[in-house]
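Read the numbers this way: they start at 1 and go in the same order the structure lists the ligands and their atoms.
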Amino acid sequence: MKVWLDGNLVDKADAKLSVFDHGTLYGDGVFEGIRAYGGKIFQCQAHMDRLFLSAKKIRLEIPYTKQEIVDAMMQTMAANGVVNGYIRLVVTRGEGTLGLGPNRCPRGSVFAIADQIELYPREMYEKGMPVIIAKTRRTSATMLDPSIKSLNYLNNIMAKVEALDAGVGEAIMLNEHGEVGEATGDNVFIVKDEAVLTPPPSAGILLGVTRGVVLGLAGKLGLAVREQTIMPQDLYGADECFLTGTAAEIIPVTKIDNTSVGGGKVGPITLRLTKAFHEMIREK
Ligand code: PMP
């Protein structure tokens, strides 16, 4: 495997960052998880815009243009024969010295990995996935802007650990007000009375690229779509529930804690949206 690292394609074994990189020392950096289908980068512009906005918000200068980053991803895909796969694009604060100050790091480091990813077992896409509601609350938006896709995932990892302890693959996180926020690496949707509902940005969530695509597709299918505050009891009482994310795509949820959703079966609107999503990918 070849990894693109600061301008060069290097062997996986040589793709190393300094232990003094503030990405390693402090989780200081930003990233994107991106899909490629049929050799093309899916939602490329949206990912590049979010990457550069995340970096700007943490005042990290990316030492490449958007086009150079896109070229780097294409090179990495080509070098690894990845046509349908997943790209992890990471920008760290770069090598510095001990001490938090980003001013200790003269230049950010950028790397791109092109590989395969399978977050959840295939059969769960057909049968649905059980999840829990985590006790770990999502970091408040007043403390850290959740629209920054940063290298600090410990909050989400603690919720993921709860999920694994409970024997399920994913956890839904509430915000500090007890409202539904997002899953540890995915956005949350429910269907109630044929309306497609998802928490608003003010719930303190990452504005997922897939979330945006699914909202658009639901509109095109003529479904009622609303960003709306969702409470845990709305999850339990939902007709359907599903999660969206670049790696996960659209994954149906059929059980939340001990409550089955939609009679424990994947619902018709989830199926319609999934079909439309795959058609969109094929067309593009
Ligand atoms: N929320 C969180 C916390 C995430 O990390 C992600 C991405 N893995 C998402 C939502 C989904 O975003 P996207 O659709 O852009 O992958």
Side-chain angles (χ1 to χ4, degrees), residues 27 29-37 41-55 57-58 69 73 85-91 113 115-120 125 129 131 133-134 136-141 143-163 169-176 179-190 196 198-218 227 230 241-253 273-274 276-278 280-281 284:
V30 294
F31 76 103
E32 282 296 316
I34 304 168
R35 280 247 183 213
Y37 298 105
I41 297 172
F42 185 63
Q43 296 290 310
C44 188
Q45 191 65 47
H47 283 290
M48 286 305 100
D49 289 349
R50 187 171 66 184
L51 178 74
F52 277 74
L53 185 60
S54 290
K57 284 183 171 182
I58 69 163
I69 300 276
M73 293 192 294
Y86 179 86
I87 304 152
R88 174 61 54 90
L89 194 285
V90 180
V91 187
I113 302 167
D115 202 355
Q116 300 302 321
I117 194 164
E118 195 180 294
L119 275 197
Y120 310 116
Y125 286 83
M129 177 169 69
V131 305
I133 298 178
T136 306
R137 294 282 170 101
R138 190 80 181 88
T139 306
S140 162
M143 297 172 188
L144 186 64
D145 179 347
S147 70
I148 299 169
K149 197 163 167 59
S150 86
L151 293 179
N152 284 273
Y153 259 62
L154 206 47
N155 178 225
N156 312 52
I157 290 166
M158 295 322 292
K160 188 85 175 182
V161 168
E162 282 188 53
E170 193 47 277
I172 292 176
M173 303 178 78
L174 310 179
N175 66 18
E176 82 228 82
E179 301 157 355
V180 173
E182 59 191 334
T184 66
D186 297 319
N187 290 112
V188 179
F189 282 77
I190 60 169
V196 178
T198 195
S202 60
I205 56 170
L206 181 79
L207 293 176
V209 170
T210 322
R211 174 185 181 276
V213 169
V214 167
L215 285 172
L217 287 174
E227 290 182 331
I230 297 174
C241 178
F242 59 89
L243 309 179
T244 65
T246 296
E249 302 177 315
I250 300 175
I251 176 117
V253 170
L273 285 167
T274 305
F277 184 76
H278 289 296
M280 175 185 179
I281 287 164
K284 294 224 165 193

Over 12 foreign heavy atoms within 6.0 Å of CE, M158: no
side-chain hydrogen bond (donor to acceptor under 3.5 Å, both in side chains) against D145, all qualifying residues, sequence neighbours excluded: K57, S147
Parallel, tilted or perpendicular: ring planes of F277 versus F42, cut at 30 and 60 degrees: perpendicular
Those protein residues which place at least one heavy atom below 4.0 Å from ligand 1: R50, K149, Y153, N156, E182, T184, G185, D186, N187, L206, G208, V209, T210, T244, G245, T246
Side-chain H-bond candidate by donor/acceptor type, E249 with T210, under 3.5 Å: no
Basic-acidic side-chain contact under 4.0 Å: R138, E176: no
Main-chain N/O of G181 paired to N175 side chain as donor or acceptor, under 3.5 Å: no
